[in-house]
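Remarks on the structure that follows.
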Amino acid sequence: MSNFKSLFLNIMLERGFYNQCTNDDGFDAYLYECEKSGKPAVGYLGSDPTGDSLHVGHIVPLMMMRWFQKCGHKPLTLVGGATARIGDPSGKDKLRPFLDEETLQHNIKGLKKSFSKFLKFGDGANDAQMVDNWDWFKDINYLSFLRDIGTYYSVNRMLTMDSVKTRLEREQPMSFLEFNYMLLQGYDFCQLYNTYGCRAQIAGSDQWGNITSGTELGRRKYDVELFGFTSPIITDSNGKKMGKSEGNAVWINEEKLSSYDYYQYFRNIGDAEVGKCLRIYTDLPMDEVRRLEALKDKEINEAKKILAFEATKICRGEAEAIAAQNTAIQTFEQGEAGGNLPTIDVPSIEGLPVIDAFLQLGFVASKGEARRLIKQAGLKLNDAPIVDENYKLSAADLVNGQVKLSQGKKKHGLIKQAS
RNA sequence: GGAGGGGUGGCAGAGCGGUCAAAUGCAACGGACUGUAAAUCCGUCGACUUCGGUCUACGAAAGUUCAAAUCUUUCCCCCUCCA
């Protein structure tokens, strides 16, 4: 399997996106054929609109799609308007909450936004396109669905699928509703094949069961070979999934997370992850990746900066990436109060208790927490630890018309006095 | 429908009348050491506080008691087995 002919699969392999494929040679041949003839292959990536933005944990398949498109193929992004009304049992112990129509619409809009940061949408031959499975499920008739699709599924087989099996083994409840999820996803795949000629599905490895559900349905019902391709689940050296920072998801959409924080997330990645992340989260050529990941000790920080910059650039645009980088350099390397830090404006700084200022910046959840942090020397005012928890700000604290507040070593913010 | 077992802090999971703002583990946060890394060590981890305390919390509501997460009743939800 190391001798792929298609550009796409070679890239996947080289950059660490390759986990499992329903048929290596077949998929490779199909892609190669498409790449050679200039006729785009069509592949899809599904996601459920359970939130209004994707986060870093979703980037892996997104980047795969991005490469897919770069190789000249056409990506479809499927939002599960219908399946979200059911809930995917994979990897979950509990039934998912149902969403009302309004949130659903809101979420779909947010997802489209997330997708469009990584993929080019439009009407061109290999432009990405957004589809919603609600379109074909909303009018479906239960009996005909059972008859047309249900006949192709064996319950015996379904019971052996991981998503179902683990749930049963752990004696976690699983409703019939969820049990049907894989039929719906299988149907999605075939539906996309029928209307768009889509023959490939790309996803994280946890979707394997759902993918094969589709490829098998395709083979049985339409006599076509569909391909499934999965990425490994990317974890850090502790085996934790990527994508959480301070317990919060690192969001793709800027209204959920500032570009500076996005940048910082990648800047603070562990040493062991640098190479992996460069391959996966950036478009940098492999030569460059290899050079950067070879860096050791202090030098590896250079690699991290590039990683953070490149990753931010893809998601937030070059201007934002530069701004985030500058802010980081100013705050961390020059110890100045950079321009892009979280800022609050107050009419007058005079007499404002520091504790309240931290509260307003959102660095602390309560005054008690602020007091605690002060006792632990965790809060700083213009880089000097605060000793008096009742300290009130005054004009004397202003530096260039602003006050720099820090929590710990990494969180910095500014208070500006309206002039 | 019947019989049993449950619902405790971000999660997992003890407690089963006062000493419980609630063990322990994980996660998280601060500090030290460093490189805005990892590992390690120390500390913190409901809210408010004039630091004496005050308030809100153990599914929901009512009750017993000087005193309830702990007992009683009703309700809601979940699980297991049987039909």
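Chain letters run A, B, ... following the sequence lines, proteins first and then strands; every chain starts at 1.
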(request) Tell me, yes or no, whether the heavy-atom count around N400(A) atom CG, taken from other residues, nucleotides or ligands under 6.0 Å, exceeds 12. (result) no
(message) List the residues meeting salt bridge (charged side-chain N to carboxylate O under 4.0 Å, His left out) with D148(A), not counting sequence neighbours, and say none if there are none.
(response) none
(request) Hey, could you give me each pair passing ring pair (Phe, Tyr, Trp, His ring centres under 6.0 Å) that has a residue in residues 382-416 of chain A? Not counting sequence neighbours. (result) F332(A)-H412(A)
(request) Nearest whole angstrom, please: distance from the C1' of A37(B) to the CD of E273(A). (result) 10 Å
(message) Can you confirm whether K109(A) is buried at NZ, in the sense that more than 12 heavy atoms of other residues, nucleotides or ligands lie under 6.0 Å from that atom?
(response) no
(message) I need the full list of ring pair (Phe, Tyr, Trp, His ring centres under 6.0 Å) pairs touching residues 344-390 of chain A, with sequence neighbours left out, sorted by first then second residue.
(response) none
(request) Find the distance F266(A):CZ to G35(B):P and express it as a whole number of Å. (result) 25 Å
(message) Once salt bridge (charged side-chain N to carboxylate O under 4.0 Å, His left out) is applied, do any residues pair with R290(A), and if so which ones, sequence neighbours excluded?
(response) E14(A), D287(A)
(message) For residues 344-373 of chain A, which residue pairs pass the side-chain hydrogen bond (donor to acceptor under 3.5 Å, both in side chains) check, not counting sequence neighbours?
(response) R371(A)-E389(A)
(message) Can you check the distance between G52(B) and U56(B), where both ends of the measurement are the P atom (answer in whole Å)?
(response) 23 Å
(message) With the threshold set at under 4.0 Å for non-hydrogen atoms, list the residues of residues 307-322 of chain A touching RNA chain B in residue-number order.
(response) none
(request) Report the relative orientation of the aromatic rings in F121(A) and F115(A); use parallel for angles under 30°, tilted for 30 to 60°, perpendicular for over 60°. (result) tilted
(request) Nearest whole angstrom, please: distance from the C1' of G30(B) to the CZ of F358(A). (result) 12 Å
(message) For a quick check under 3.5 Å, do Y18(A) and D24(A) share a side-chain donor-acceptor pair by atom type?
(response) yes
(message) Regarding K375(A), tell me which of base, sugar-phosphate or nothing describes its non-hydrogen contacts under 4.0 Å with the strands shown.
(response) nothing
(message) Measuring only the C1' atom in each nucleotide, how far is C45(B) from A21(B)? A whole number of Å is fine.
(response) 12 Å
(request) Sticking with atom P, work out how far G15(B) lies from G9(B), rounded to a whole angstrom. (result) 16 Å
(message) Tell me which pairs pass side-chain hydrogen bond (donor to acceptor under 3.5 Å, both in side chains) where either residue lies in residues 56-82 of chain A, with sequence neighbours left out.
(response) E35(A)-H73(A), R66(A)-D283(A), K70(A)-D283(A), K74(A)-Q129(A)
(request) Find the distance L373(A):CG to G31(B):P and express it as a whole number of Å. (result) 8 Å
(request) To the nearest 0.5 Å, tell me how far L78(A) CG sits from D188(A) CG. (result) 5.0 Å
(message) Quick check: on RNA chain B, is the nucleotide nearest G408(A) upstream (toward 5') of the one nearest G270(A), or the reverse? Name the residue that is more 5'.
(response) G408(A)
(request) Kindly label the base of G52(B) as syn or anti, based on whether its glycosidic torsion lies within 90° of 0. (result) syn
(message) Nearest whole Å is fine: how far is C29(B) P from K411(A) NZ?
(response) 8 Å
(message) Please report the distance separating the P of G18(B) from the corresponding atom of A68(B), rounded so that it comes out in whole Å.
(response) 11 Å
(message) Below the 4.0 Å mark, does U36(B) have OP1 or OP2 next to a side-chain nitrogen or oxygen of Q264(A)?
(response) no
(request) Drop me the distance from F17(A)'s CZ to L13(A)'s CG, to the nearest 0.5 angstrom. (result) 12.0 Å
(request) For RNA chain B, produce a single dot-bracket line, 5' to 3'. Pairs: Watson-Crick or G-U wobble, both distances under 3.5 Å. Symbols: ( ) within strand, [ ] crossing, | other strand, . unpaired. (result) ((((((((.[[[..)..(.....]]].(((((.......))))).(((....)))...[[[[[..)....]]]]]))))))).
(request) For the pair E273(A) and K304(A), find out whether any cationic side-chain nitrogen is under 4.0 Å from an anionic carboxylate oxygen. (result) no
(request) State yes or no: are the ring centers of F189(A) and Y193(A) separated by less than 6.0 Å? (result) no
For nucleotides 44-51 of chain B, list the nitrogen or oxygen atoms of the protein found under 3.5 Å from its nitrogen or oxygen atoms, one pair per line.
{"residue": "A47(B)", "atom": "OP1", "partner": "S366(A)", "partner atom": "OG", "Å": "2.8"}
{"residue": "A47(B)", "atom": "OP2", "partner": "R372(A)", "partner atom": "NH2", "Å": "3.1"}
{"residue": "C48(B)", "atom": "OP1", "partner": "K367(A)", "partner atom": "N", "Å": "2.8"}
{"residue": "C48(B)", "atom": "OP2", "partner": "S366(A)", "partner atom": "OG", "Å": "3.4"}
{"residue": "C48(B)", "atom": "OP2", "partner": "K367(A)", "partner atom": "N", "Å": "3.3"}
{"residue": "C48(B)", "atom": "OP2", "partner": "G368(A)", "partner atom": "N", "Å": "2.7"}
{"residue": "U49(B)", "atom": "OP1", "partner": "K367(A)", "partner atom": "NZ", "Å": "3.3"}
{"residue": "U49(B)", "atom": "OP2", "partner": "R371(A)", "partner atom": "NH1", "Å": "2.8"}
{"residue": "U49(B)", "atom": "OP2", "partner": "R371(A)", "partner atom": "NH2", "Å": "3.0"}
{"residue": "C51(B)", "atom": "N4", "partner": "R371(A)", "partner atom": "NE", "Å": "3.3"}

(request) Inspect the contact between R291(A) and E288(A) and indicate whether a charged nitrogen and a carboxylate oxygen are less than 4.0 angstrom apart. (result) yes
(request) Could you give the distance separating A23(B) and A69(B) at their C1' atoms, to the nearest angstrom? (result) 14 Å
(message) Expressed as a whole number of angstroms, how long is the span from L361(A):CG to C29(B):C1'?
(response) 17 Å
(message) Does L379(A) reach a base, just sugar-phosphate, or nothing at all? Heavy atoms under 4.0 Å.
(response) nothing
(request) Whole angstrom is fine here: how far is it from NZ in K380(A) over to C1' in G30(B)? (result) 10 Å
(request) Provide the full list of side-chain hydrogen bond (donor to acceptor under 3.5 Å, both in side chains) pairs with a residue in residues 311-323 of chain A, sequence neighbours left out, each pair given once. (result) S259(A)-R316(A), S259(A)-E320(A)
(request) May I ask you to evaluate whether K409(A) reaches the phosphate of C29(B), defined as a side-chain N or O under 4.0 Å from OP1 or OP2? (result) no
(request) Using the P atom on both, measure A22(B) against U34(B) and round to a whole Å. (result) 37 Å
(request) Write down the distance separating the C1' atoms in C55(B) and U65(B), rounded off to the nearest Å. (result) 22 Å
Could you list all N or O pairs between the protein and nucleotides 52-58 of chain B that sit under 3.5 Å apart?
none

(request) Taking only heavy atoms on the protein side, list every residue of residues 288-299 of chain A lying under 4.0 Å from any atom of RNA chain B, sorted numerically. (result) D297(A), K298(A)
(request) Could you check how far CD of Q407(A) sits from P of A28(B), rounded to whole Å? (result) 14 Å
(request) Using the C1' atoms only, state how far G43(B) lies from C33(B), rounded to an integer number of Å. (result) 15 Å
(request) Determine the interplanar angle of the Y187(A) and F145(A) rings, folded into 0 to 90°, and report it as parallel if under 30°, tilted if 30 to 60°, perpendicular if over 60°. (result) perpendicular
(request) Indicate whether the side chain of S213(A) and that of Y181(A) have a donor and an acceptor atom separated by less than 3.5 Å. (result) no
